[in-house]
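Scope of the values below: all heavy atoms of this structure, side chains included, with no hydrogens, waters or symmetry mates.
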Amino acid sequence: GDAALEVSHSDGFARWLSDHDISIAFTTAPGGRIVFAGLGPTGTVTLFERAFDGATSLWARDDTLLAATGFQIWRFDNALAEGELADGYDRLYVPQAAYTTGDVGAGDLALARNGSIVFACRLFNCLAVASEAFSFAPLWRPAFISDLVPEDRCHISGMTLVDGTPRAVAVTARVDAAGGWKSEVVGGGSVIDVRTDAVVADGLSIPTAPRFHRERLWLLDAATGWLGFIDPHNRRFERVSFCPGLPRTLDMRGDYAVCTVAPDTSIAGAGPMPVDDLLSRHSIPTRCAVLIVDTRTGQVAEWLQIDGGADDIPGLALLPGSRRPAAIGLDGSDIRRVLSIAPEAQRQTRPHEDTVPVAAS
């Protein structure tokens, strides 16, 4: 199996989780694990992990967790009622449904208002819906993409929903040729409004994980290493915090941006990255870490670092209201034994017409 994760964290990491009544789910690569960072009974940081082959993107709301893996999208649902514990865990995510997409490069994903799963489908340059009958159902593609073909042309690097409806998509380059994005990594990136096809911002370098939060569109300008937001007036990217490595994904909570960063900044065929220049000029060591950034100051407030067993954190989801979550894997006996039963339908109390009354003795 995979080597055990070696993890360290800042002194205040546990307190931050406690103060915000939150836990963090993230994925690691290579191999593929979903890891939950929460708090044990004594208030120390605990990790719970499950192997999911090729696990990449995560998304969570309330009792639902979505995970993209190498060729599937999984939907997990919490089997515990409010206030209920199982072996000290306050959420137990059970894999309830899997959609087999094939290796289509599933990126950001989310649950839409109608209950369908929307995801960024990189290989086919589109937003797609997980399907019970097909690998996926195409939902939207950029106006400049002429055909639905398996040629990662523009490299969709992120997407987000607002009120359960697709709103913004990030592309690495507005090109319509197979693999064309690789020659435009620096400055070729854009964010597009799905509703109007209008370009919301451009001049970006691998814009990743667009997220609307407090009326601002936050994102990672991955090739430059910066976390920031789009100024709605001049449509420019305002830098807030430098991430030491290749920023991978992002979630927001209050005044904080929680992002992940990987030490390997190279992307096959894409040439040198602007982030490399900044790292070498200032002799900044790269990290494989979850960073909690105070957006008011741009400073990293807390962090959790992986020192061995993985070198990438491609997926992240914040889990508000849960101190210590866990998930059931596909191996082992748990998946056979853990049962959650929906409320019984209202039973009919009126006797049928042909019921024979029992005489009182």
Listing request: all side-chain hydrogen bond (donor to acceptor under 3.5 Å, both in side chains) pairs with a residue in [range], at least two apart in sequence or in separate chains.
| range | result |
| --- | --- |
| residues 233-254 | R248-D312 |
| residues 298-309 | S8-D307, S10-E302, R287-Q305, Q305-D307 |
| residues 195-213 | D108-R211, W140-D197, D193-R195 |

For [X], which residues count as a ring-ring contact (aromatic ring centres under 6.0 Å, His included) partner, sequence neighbours excluded?
| X | result |
| --- | --- |
| F136 | F124 |
| F26 | none |
| F119 | none |
| F48 | Y89 |

**Study point:** For W59, all residues meeting side chain to side chain donor-acceptor pair (under 3.5 Å), sequence neighbours excluded
**Key:** none
Review point. Any side-chain donor-acceptor pair under 3.5 Å between D163 and T165?
Key: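 The criterion, which ignores hydrogens and geometry beyond distance, is not satisfied for T165 and D163.
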Review point. Between D255 and T295, do the side chains contain an N or O donor and an N or O acceptor separated by less than 3.5 Å?
Key: no
Review point. Which residue pairs pass the salt bridge (Lys or Arg N to Asp or Glu O under 4.0 Å) test with at least one member in residues 167-182, sequence neighbours excluded?
Key: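 Non-adjacent pairs meeting salt bridge (Lys or Arg N to Asp or Glu O under 4.0 Å): R153-D176.
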Donor-acceptor pairs under 3.5 Å, side chain of residues 11-21 to any protein atom, not counting sequence neighbours: which ones?
unit_1	atom_1	unit_2	atom_2	d
W16	NE1	H20	ND1	3.4
H20	ND1	W16	O	3.0

Rounded to the nearest 0.5 Å, how far apart are [atom1] of [X] and [atom2] of [Y]?
| X | Y | atom1 | atom2 | result |
| --- | --- | --- | --- | --- |
| F76 | R50 | CZ | CZ | 10.0 Å |
| I24 | F36 | CD1 | CZ | 12.5 Å |
| M252 | R216 | CE | CZ | 9.5 Å |
| T260 | L58 | OG1 | CG | 10.0 Å |
| C259 | L316 | SG | CG | 8.5 Å |
| D87 | L92 | CG | CG | 8.5 Å |

Check your understanding: Is the side chain of T27 donor-acceptor paired with the backbone N or O of T56 at a distance under 3.5 Å, no angle test?
Key -> yes
Check your understanding: Looking only at atom types and distance, does a side-chain atom of T101 sit under 3.5 Å from a main-chain N or O of F71, one as donor and one as acceptor?
Key ->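 Yes; judged by distance alone, with no hydrogens or angles, the pair exists.
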Locate the shortest heavy-atom distance separating [X] from [Y]; write the atom from each residue and the value.
| X | Y | answer |
| --- | --- | --- |
| A223 | P274 | O-CD, 3.2 Å |
| C288 | I313 | SG-CG1, 3.8 Å |
| G31 | D53 | O-OD1, 3.5 Å |
| A262 | D311 | CB-O, 3.9 Å |
| S157 | I206 | CB-CG2, 4.3 Å |
| Y256 | A301 | CE2-CB, 4.0 Å |

**Study point:** I192 vs V200, side chain to side chain contact (heavy atoms under 4.5 Å, CB included): CA-CA, chis, key distance, verdict
**Key:** CA-CA 5 Å; I192 300 167; V200 179; over 6 Å; no
Point to revise | Steps toward side chain to side chain contact (heavy atoms under 4.5 Å, CB included) verdict (L39, S23) | key: CA-CA 8 Å; L39 297 174; S23 52; over 6 Å; no
Check your understanding: Given side chains that start at C-beta, do those of P210 and L217 come closer than 4.5 Å, heavy atoms only?
Key -> yes
**Study point:** Residue list, salt bridge (Lys or Arg N to Asp or Glu O under 4.0 Å) with D231, at least two apart or on another chain
**Key:** none
Tabulate below the donor-acceptor pairs under 3.5 Å that side-chain atoms of residues 61-68 make, not counting sequence neighbours, or state none.
unit_1	atom_1	unit_2	atom_2	d
D63	OD1	N78	ND2	3.0
T64	OG1	R75	NH2	3.3
T64	OG1	D77	OD1	3.0

Exercise for review: May I ask you to check whether Y99 and F134 place their ring centres under 6.0 Å from each other?
Suggested key: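 Not under 6.0 Å, so no.
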